[in-house]
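Atom set for the values below is all heavy atoms of this structure, side chains included, hydrogens, waters and symmetry mates excluded. Below, chains carry the letters A, B, ... as their sequence lines are ordered, and counting in each starts from 1.
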Amino acid sequence: MHRGFLQFVARRAAAAALLVVLVSSAALILARLAPGDRLTGFDVDPAVAAAECERIRCQDPLWQQYATWLGRAARFDLGMSSRYGRPVGQLVEERAGNSVILGVCALVAATAVGIPAGILTGSRRSVVARVTRTASIILLSIPPLLASLTLLLIASRTGWFPVGGIAIDGATLLEQARHLALPVAALALPMAATLERLQSRAMAEALSERCIIAASARGVTSARLVWRHALKLSLKPVLAIYGIVIGALFSGSFAVEYIMAWPGLGALMYEALVARDAYLVAGCAAAGALALAVGILISDIALGAVDPRSTEPA
Amino acid sequence: MASLRSEPGNYIRYFEATGPAELLTLLTHTRLVRINRATDALEPALAESWTTGDGVTYTLKLRPDLKFSDGAPFTSADVVFSFKAVTEAPGSVLASSLRIAGKPPVVTAVDPLTVTIAFPQRFAPALRLLDNVPILPRHKLEAAFNAKTMHEAWTPARPLTEIAGLGPFVLAEHVAGQRLVFTRNPHYWRRDQNGVALPYLDRLTVAIIPDQNAEALRLDAGSIDLMANADIQPGDYARFKRLSDEGRLQMLDGGIGLDPNVLWFNLKPRAGHPKPWILRKEFRQALSYAADRQALADTVYLGAAVPIYGPVTPRNATWFSASAPAYPHDPAKARELLSSIGLRDANGDGILDDAAGRPVRFSILVQHGHAIRERAVSVLQQQFRAVGIGADVVNLEFGAIVQRWMKAEYDSVFHGFQGSATDPAMTLDFWLSSGSTHFWNPAQPVPATPWERRMDELMLKQATAASLEERQRLFAEVQRIFGEELPALYFVVPKVTIAASTRVQNLQPAAQIPQLLWAADSIAVSSSTPRPQ
Amino acid sequence: MTARSARAGAVLFGGIVLAAIAAPVLIANPPEQQFPGYVQAPPMRPHLRDDNGRWQRPFVYPLRLVDRLERRFVEDRSRRVTLRWFAGGRLLSADPAEGPWLPLGGDALGRDVYSRLLLGSRLSLGVALLATAGALALGALVGAIAGFAGGRLETLLMALADFVIVLPVIYVVVALRAAMPLVLSTGIIFWATAAILALAGWPFAARGVRAIVAVENKKEYAESARAVGATPWQILHRHLLPAARGFLVAQGILLVPAFVLAEATLSLVGLGFSEPDSSWGGMLREAGRGRAFAEAPWLLAPAAAIAVTLMALQMLGSGLGDDGSRRVPNLRQL
């Protein structure tokens, strides 16, 4: 790797860090702007509400609250969650860990299924290709909520998989895999469909590039054409989106996590919002931003490796 | 193996009023006396007997030789400490419910096994109030109380070994977002009639399953034995009935529920009110006539619901008054009432208009996420439309609804509450115009209307009346006034059906959540059926 | 093949749009009307021959409720409800006095799924198409500028895009909803939802377009165009953006169903179409509350509708790009 590339990586990493800070700040402020506070309820004693307000200093002007939080966050102290009674950092770490496991497995599964399927449908017009395309379309039409419930229904009727939930710590690998199977399926199938669609089009476009046609004229076999030459070209736009797909995993996983009782970051974010737990909201947003930033970074690096031209500053 | 929808944030019931906190308290702590939720009778718990001379001061004898789960002895000092903490600790959410005429009862220890509780005035439910106060160990919490940090003493951030209680179980593990694990408390005081120490269960695992549908599917699959919110949705009934016929589940009839959904209106007087007809009782009565309760029961609850017209349901047999006004479905009467206050359809668009020509529309706030409530409000919307009233349903998040309610910037709210006490003197916050949960116009310094003033008088009288018959008579009158003025509309109350696996025995279904786990100490598991996974 | 499938796609999509526009005529019942005995009723199939084998005008058998809790129905073969053409402004419907005709069955409140589906198409498709158009337009603009200009501007714009992607939309919407008036008309919800989705979706398009434009910009033909003195706008418009066309089409086709479903997610935080309006996302959310897949599959009709729309768009899109054919493409002008 040459120095230019390293510089590129460094620049992107710095941008990612800034992004994390900005997003969590925005989330914190938004959470404060949303009406209500933690003790929101119909039967709240005004004295108790006042005491809680004291504790989190909600009377201070917004910028002062933000400054306090920022100062603490710089020392990696993300505060205490009022909803769960635990330090935010601890909560986010645990849940993010679960989300990462789920996300990575789903990503691997989706890539393993989606990309080859896309190559297939993009390069030929057989019956198999048509069926695959239809399957993708159907998968993209079903909301994740419904897909999760349907999978759970299948699980409860057949007993092949546990009906949601995560394996207990210390469970065997097989047990963990069984608990993982359904959430991964719920997340990976629509993603595979998306990847398939993108890859399919990218492959089709790549196959009509002049250099490919020229190679075909030169007599290169179609198999090599597809798998060696066109693939590299087609990966470009797909990789550009890949990072976002990774990040979207975290925000889109809320429905799957909630239904399947998978204790992950998506569900936590929603809980935090409903409970108006501002520190937790900021913590979750930071984690999500971090994940996305890392995803984008990886995809940019991969893109840079495939096509060094895109790493040069203009 | 049981299931719960969310988890507690604070282990001390004094500081958190949520369902999970209540469940935790029922499992790990005990009270002086307890209200048997199946029979609604008062039973001795930590106090084995009590006497009173004048109905204002009670002397309770505590059971001897009781120990907390960490082995420390239980004495009256713990009782005194608990009451002091619940009324004085900063952040206590129970403090206001223990105030009678503004002052909490005074608890003193006579000797290590006797306490006296002196109420500020004669209070009819008397010791029933004590069902709210779990007794906490002084030796563990006194330091925190003195330092005013009791609300941070027992939280998920602290080690579990700090916690000690007198309840049937001990919290052994709390994995955030996943489950709570309870193990048997060897020092639990209660024994069954054969002298066997309770609880029968050695271990109770409570999984956290946020989604109601997923929870039902788990019960279906047999991977959980019962749910904390043990009642099933009407849509699941058919499936569970089939499973019950196959012997894989048991279904219990929980009777009629205690807590119906309610539609209340914003009756706070305002200068230049844009919709003055909301404040007229004829309007609300008309809505009650316009509602077809049977159709609502059939559509939303699939027939498993009973029409009601006020906040007290027939399940509350001691207090329900059948002579309160009923409102059968009568759209013609509704229209008549509406035109009597000047609402007519001036422009022929099907919606009534007021004297100034403005259409009669009002908004109903509904919490997002509740299938039954959202459907019910849709049905009501159509029924109101049939008599010319336009209802706009606004689906909002809970926090947003409460915010608007607190600022009185709404027309009406459709909501439901859980776990109210059966004795009306314990729910004075709702009935009194000065109460904080007097939803349609809370915390009034002075009653705004004559009928609220009358209700205040009657409620305060029945809270101190001597005989049960007198109290019932007074409360029946209150229900009659309520039914006349209709600040809030009640439509149907669901019939509760409880489902659990066939492994669990000795179930005592109650009306309030948690319907089965409130008596967790007597639940047993039949050893013949294998443990599910 | 490509041209044929593109034509077929155009026809199908055109049919869908036409159905949406003509919905008030095509429906069989008012969408908000709740039929008391028809909660989760199965679809009622029209017949042409009665039990004796005689030909009749199209009719249906009314449904009789056998068990309410189990939601079991049987056809009441003793009565026939004749369907009428062009009665009451509707293409095909039943006389309300005789009994409803629910072509796709009833939902959880006994409402006509078919009518709600048709009328919901106006809201859902309208929002989704509008939001997609907005997201693509904005994204293409930003991405093109970023890719072309490079340097600081590119970094800034892409950082903005990343920020919008990462910021959870629901937080913004909750705060926004609080600032809006309590009762929102269907029109306002429509435009607000479209706007929010477009603003949430543009970064995806922008990133892809930027990547493509940046790469194309460095190719020889772009250099030569610059040397010849073409303005940046000309270069973008005639040379670089067409390269991104395929990507934009693919992205758009993916965004439409995502937006239809996302509308239901927005309703989680208070910005959804309110009762009794129906939208496809909302109907699917309702369906998800029960055991639709096992017991009432007709409630999943909106998913089928989304799939059909997506298929139509796919076929249409293949005409705007290439689809694996080996013919020589339209060479870009030099």
request  = May I ask you to decide if the ring planes of B:Phe398 and B:His415 are parallel, tilted or perpendicular, using 30° and 60° as cut-offs?
outcome  = parallel
message = Test your reading of the model: is there a side-chain donor-acceptor pair from B:Thr427 to the backbone of B:Pro424, 3.5 Å cut-off?
response = yes
inquiry  = If we ignore hydrogens and angles and just use 3.5 Å, is the side chain of B:Glu162 paired with the main-chain N or O of B:Trp154 as donor and acceptor?
reply    = no
inquiry  = If I measure from the heavy atoms of chain A, does B:Ala176 come under 4.5 Å with its side chain, its backbone, both, or neither?
reply    = both
task = Could you tell me which portion of B:Arg158 (side chain, backbone, both or neither) has an atom closer than 4.5 angstrom to a non-hydrogen atom of chain A?
result = neither
query = Out of B:Asn10, B:Leu217, B:Thr155, B:Val175, which one racks up the most heavy-atom pairs below 4.5 Å with chain A?
reply = B:Leu217
message = Using heavy-atom distances under 4.5 Å, tell me whether B:Asp220 contacts chain A through its side chain, its backbone, both, or neither.
response = side chain
note = Per-residue tally against chain A (heavy atom, under 4.5 Å) across B:Ala214, B:Ala157, B:Pro210 peaks at B:Pro210
remark   = So, the part of A:Leu91 with a heavy atom under 4.5 Å from chain B: the answer is side chain
message = Heavy-atom pairs under 4.5 Å with chain A - which of B:Pro442, B:Gly177, B:Gly435 has more of them than the others?
response = B:Gly177
Any B:Ile209 side-chain heavy atom under 4.5 Å of B:Arg5 side chain = no
query = Is there a side-chain contact between B:Val394 and B:Tyr410, using heavy atoms and a 4.5 Å cut-off?
reply = no
query = Between the side chains of B:Thr437 and B:Asp429, is a donor N or O closer than 3.5 angstrom to an acceptor N or O?
reply = no
query = So what's closer than 4.5 Å to chain A heavy atoms on B:Glu7: side chain, backbone, both or neither?
reply = both
task = Name the member of B:Arg404, B:His174, B:Gln212, B:Glu215 that forms the most heavy-atom pairs with chain A at distances under 4.5 Å.
result = B:His174
task = Tell me, out of A:Pro87, A:Gly264, A:Ala155, A:Ser156, who's got the most heavy-atom pairs with chain B below 4.5 Å.
result = A:Ser156
query = Is there a side-chain contact between A:Leu151 and A:Met260, using heavy atoms and a 4.5 Å cut-off?
reply = yes
